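For ligands, and for the atoms within them, numbers begin at 1 and follow the listed sequence. Note that the structure is a prediction, hence the values are computed from the model and not measured.
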Amino acid sequence: MLLEESFILYGVLSFLFLEYLWELYLSIRQHKIYQQVVKVPEELKEIINEETYNKARVYGLDKSLFSIVEEVFGVATTLAIILLNGFVHFWNIAGVIVSDLGYDMNNEILRSAALMLTMNVFNTVVSLPFSIYHTFVLEENHGFNKQTIGFFIKDKIKAFVVGQAIMLPLISGVVYIVKIGGNYFFIYLWLFAMAMTFILLTIYPNCIAPLFDKYTPLPDGELRTCIEELAASIDFPLYKLYVVEGSKRSTHSNAYFYGFFKNKRIVLFDTLLKDYAPEDAIKSDVKDDPESEKKGCDNAEVLAVLAHELGHWKLNHVLKNIVIMQLNLFLIFLVFGLLFQYEAMYHAFGFQHEKPILIGFLVVLKFIFSPYNAVLSFLMTILSRRFEFQADAFAKSLGRSKFLRQALIKLNKDNLGFPVYDWMYSMWHHSHPPLLERLKALDKSD
Ligand SMILES: [Zn+2]
């Protein structure tokens, strides 16, 4: 028994360490690029000017340093939790909470919910300094942050409360199903997870998203008409068209669509739209200032970006991702079903007499599966890049390649994307192909 236990523990630790070294190696490779490629490379001269290039480079350097420090901290915390039997301590705290509330601490469902809450509080507190630094130093220094301290605090509290309101019943459901499900509980668990995914995706737009940001229907006008025409031309069942006030958070810009079946919504960030200002904003502020070049895309460019997004819909990319995720969940539940009674696994994480279901689940998900998770995430990144090229090609087939080209260049500038990458770093991390590759693909005559 002792042998198996050490095998699991050292296996988990070794992989954790190897993965960390690999990530660090890639980050350092990319960090060197930020440091060394100080002049705009020849092939990028038409796309980006010297000033923007340098801003993007310095922003990249800062982000890269930040993520290296964050990563060190993350791996150190995980190591500490494993080596100091952190899961046992969390489990004990959860037991105390349950009995302090006047319930039986052997009630595994309640205790699991308390465990989740305890761990979430821990994670939130531990990550808070990084989150504060990221928003108020890193993003602030490069001109992206729009959050006030008040907004930030309220937003964090809301996110925590809403997160728990969803998480705790979900976790209780999982533990309950494992307890009563018998030998084939993993099938019920899978059906439960599928139903929950579906419900959450359905209620998210109406019940959850509006708690955090303001969504307003895009006002009637040229842009709205053009978007409706574009949607109709490819039979996209456009149900609602919103602008979200992303500008309250940051000046980064985006657009996306969501919704099931005939209920599709398109959401545009106000930061994406050059000619859009919220009703309460004083327009003259921006327009009369010759120094500040207004960010965002004009209508033709926004339409090209949307043509790309709708390409993801037309080519079933979202559906394909959901199918892969569900298959993945099935595999995880299946393996969990095989392992959740396996004593050595609990021993390895400090549990001598108990086998709490949720602990077993977390260990399988986070540690036993970590090599698999790394490979899967790499494959998903490759797939995502393929999807991006396909969506670009779709926009091109609608005759929008010229404007998509302009939009990509402009968005890269507005978001200070740094266009030079180490190939290995890019291959591992980039879910979207680098700008230059996308432009080349768009320029290629068919
Ligand atoms: Zn895309």
Side-chain angles (χ1 to χ4, degrees), residues 47 201 204-205 209 218 223 226-227 230-231 233-238 241-244 246 250-260 264-274 295-325 376-419 421 426-444 446:
I47 299 168
L201 286 175
Y204 179 80
L218 181 69
L223 183 59
C226 291
I227 292 176
L230 171 66
S233 75
I234 54 167
D235 301 321
F236 180 78
L238 180 60
L241 182 50
Y242 288 113
V243 178
V244 58
S250 91
T251 55
H252 286 299
S253 43
N254 208 345
Y256 61 94
F257 74 89
Y258 57 78
F260 287 116
K264 298 274 189 286
R265 298 139 204 263
I266 290 178
V267 176
L268 304 167
F269 277 50
D270 56 353
T271 42
L272 178 71
L273 312 175
K274 195 177 185 176
K295 288 180 172 185
C297 295
D298 61 31
N299 287 356
E301 290 159 357
V302 173
L303 282 163
V305 169
L306 277 182
H308 166 100
E309 289 305 318
L310 297 184
H312 284 308
W313 164 76
K314 194 78 177 173
L315 301 163
N316 286 322
H317 292 162
V318 180
L319 189 67
K320 286 174 188 164
N321 276 326
I322 291 180
V323 170
I324 293 173
M325 261 181 49
L376 180 72
S377 137
F378 177 55
L379 294 178
M380 291 306 285
T381 307
I382 294 177
L383 184 67
S384 163
R385 281 197 300 260
R386 270 183 72 109
F387 284 173
E388 290 308 317
F389 279 127
Q390 289 175 0
D392 279 353
F394 180 80
K396 189 179 175 182
S397 76
L398 296 181
R400 299 189 188 260
S401 71
K402 180 180 152 217
F403 292 113
L404 184 57
R405 194 178 199 288
Q406 286 176 14
L408 288 174
I409 293 172
K410 207 175 268 182
L411 289 176
N412 186 69
K413 180 178 175 228
D414 285 356
N415 292 304
L416 286 183
F418 189 68
Y421 290 105
S426 178
M427 191 175 69
W428 188 256
H429 284 292
H430 284 161
S431 59
H432 285 58
L435 177 64
L436 203 58
E437 284 180 37
R438 287 180 77 176
L439 296 180
K440 271 186 191 151
L442 276 176
D443 287 345
K444 230 189 292 171
D446 295 292

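- Checked against salt bridge (charged side-chain N to carboxylate O under 4.0 Å, His left out), R405 has the following partners two or more places apart in sequence or in another chain: D443.
- Looking at residues two or more places apart in sequence or on another chain, you find no side chain to side chain donor-acceptor pair (under 3.5 Å) involving T381.
- A parallel orientation is assigned to the rings of F378 and W428, their planes being inclined by less than 30° (bins at 30° and 60°).
- Around the Zn ion (ligand 1), the protein contributes the following N, O or S atoms at distances under 2.8 Å: H308 NE2, H312 NE2, E388 OE1, E388 OE2.
- A perpendicular orientation is assigned to the rings of F236 and F257, their planes being inclined by more than 60° (bins at 30° and 60°).
- Residues that satisfy the side-chain contact (heavy atoms from CB on, under 4.5 Å) test with Y204, not counting sequence neighbours, are I208, A209.
- Judged purely by distance below 3.5 Å, without hydrogens or angles, the side chains of Q390 and H312 never pair a donor atom with an acceptor atom.
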